[in-house]
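Here is the naming used below: chain letters follow the sequence lines, and residue numbers restart at 1 for every chain.
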Amino acid sequence: MQEKLGNKFYTREVTTVAKELLGKTFVKFVDGETVSAKIVEVEAYDGSVDEAAHSFGGLTTRNEVMFNEGGLLYVYFIYGTHYCCNIVTGKENDGAAVLIRAVEPLTGLDYLSENRYGKTRLTEKELLSLTNGPGKICKAFNITKKHNGIDLSGDEIFILDAKKVDKSRIAQTVRVGIKKSAELPWRFYLKDNLFVSKR
DNA sequence: TACTAGATCGGCT
DNA sequence: GCCGATCTAGTAG
C-alpha cells in the first residue's frame, strides 16, 4: 500500500495536491538509513493568481524550478538563515507549488535531532518543535539549496502514499507569515495533530 | 505571555 | 540597497 507518489499525483491542481499531501510520508535516504515523517501541514502557492507566490512575477533564475511540471522539490533560502521546502505541482509553466510547513517524525529521529539540536536525547518540548515549521524541517532533514530541483521520483527524496485522510480531519485557514494575498485560505493542516506549527 | 530585534543570503529593482 | 512563504533569544509587563 505504501507506493511512491508519481507524476499523476503531482501534476494536478495545486490546492488539490496540497490537501492530499496531508498524511502522506515524506522520506529522505541518508547513508542507507530511512528518515521519514508524516506531512501534517502545508500551504498552496499558485503563481497565476497568487501575489505571494515567488512565481507570480514570471520566470526568473530563482524560481525556475517552480515552472517545471509537478514532481520536483523547490528549495529556497529566506531571511539569510533558513531554507524552505516545496513540492512543485501542476503542469509545465504553471508556477505552482506546495510549501511543507510541518511534519511529524516517524523514523530516523536521531538523525533529525542531531541536525536540529546537535544531540539525540530530546525533551518532550524539543521533540514537539523539532519539525513544526518550514525552516525547522529543512534544518532537521538537512535540506539545502543543493536539493533544489531534485526529482521526487528518484531515490534520495520522495513521498510515499498513505491512507487517505478523512475530510473532516482537515482544517483550512489563511496562510502564515506573508503580506501579499494574505487572505487566500490556502493553508491546510490535520486537526488535533500536535506537530502543526500553529492553530 | 507578548512583543521586538537580530541573524545575514541572494534575488530583484 | 532592500526585504523576504522564519526562528530564536531576549526583555518588558
Query raised in the report: Just by distance, with hydrogens left out, do A/Ser129 and A/Tyr117 show a side-chain donor and acceptor under 3.5 Å apart?
Result: yes
**Report entry** Nearest-Å distance once atom C1' is located in both B/dG10 and C/dT8
**Finding:** 22 Å
**Report entry** A/His54/A/Tyr74 under side-chain hydrogen bond (donor to acceptor under 3.5 Å, both in side chains): CA gap, chis, key distance, verdict
**Finding:** CA-CA 11 Å; A/His54 289 168; A/Tyr74 168 49; 2.9 Å; yes
Report task. Specify the separation, in whole Å, of atom OH of A/Tyr79 and atom C1' of B/dG10. Result -> 14 Å
Requested in this report: Answer with base, sugar-phosphate or nothing: what part of the nucleic acid does A/Arg175 contact at a heavy-atom distance below 4.0 Å?
Outcome: nothing
Query raised in the report: A/Phe29 versus A/Phe158: any side-chain heavy-atom pair under 4.5 Å?
Result: yes
Query raised in the report: Hey, does A/Lys180 reach any base, or is it just sugar-phosphate, or nothing, if we go heavy atoms under 4.0 Å?
Result: nothing
Query raised in the report: Hey, can you pull the residues of residues 44-58 of chain A with a non-hydrogen atom under 4.0 angstrom from DNA chain C?
Result: A/Tyr45, A/Ala52, A/His54
Report task. Give a yes or no answer on whether the side chain of A/Asn115 reaches the backbone of A/Ala140 with a donor-acceptor pair at less than 3.5 Å. Result -> yes
Query raised in the report: What is the 5' to 3' range of DNA chain C, first to last nucleotide, that sits under 4.0 Å from any heavy atom of chain A?
Result: C/dG4 to C/dT8
Requested in this report: Determine whether the side chains of A/Ser113 and A/Thr120 contain a donor N or O and an acceptor N or O closer than 3.5 Å.
Outcome: no
Query - Interatomic distance where CZ belongs to A/Phe77 and C1' belongs to B/dG10 [whole Å] - result: 8 Å
Report task. Toss me the dot-bracket line for DNA chain B: Watson-Crick and G-U wobble, both under 3.5 Å, 5' to 3', using | for pairs to another strand and [ ] for crossers. Result -> |||||||.||||.
Query raised in the report: Would you find a donor on one side and an acceptor on the other, under 3.5 Å apart, between the side chain of A/Ser55 and the backbone of A/Ala53?
Result: no
Query raised in the report: In terms of heavy-atom contacts, does CD of A/Glu124 have more than 12 from other residues, nucleotides or ligands at under 6.0 Å?
Result: no
Query raised in the report: Distance-only, no hydrogens or angles: does the A/Lys191 side chain make a donor-acceptor pair with backbone N or O of A/Ser168 under 3.5 Å?
Result: yes
Query raised in the report: Is A/Gly80 touching bases, backbone alone, or none of the nucleic acid, heavy atoms closer than 4.0 Å?
Result: base
Requested in this report: Taking the side chain as every heavy atom from C-beta outward, state whether A/Asp94 and A/Val14 have any pair of such atoms under 4.5 Å apart.
Outcome: no
Query raised in the report: Contact class for A/Lys179 vs. all strands (heavy atom < 4.0 Å): base, sugar-phosphate, or nothing?
Result: sugar-phosphate
**Report entry** Flag, side chain of A/Asn86 to backbone of A/Val88, donor-acceptor distance under 3.5 Å
**Finding:** no
Requested in this report: I would like to know whether A/Asp161 and A/Lys4 meet salt bridge (charged side-chain N to carboxylate O under 4.0 Å, His left out); could you show each step before the answer?
Outcome: CA-CA 6 Å; A/Asp161 199 2; A/Lys4 203 185 287 185; over 6 Å; no
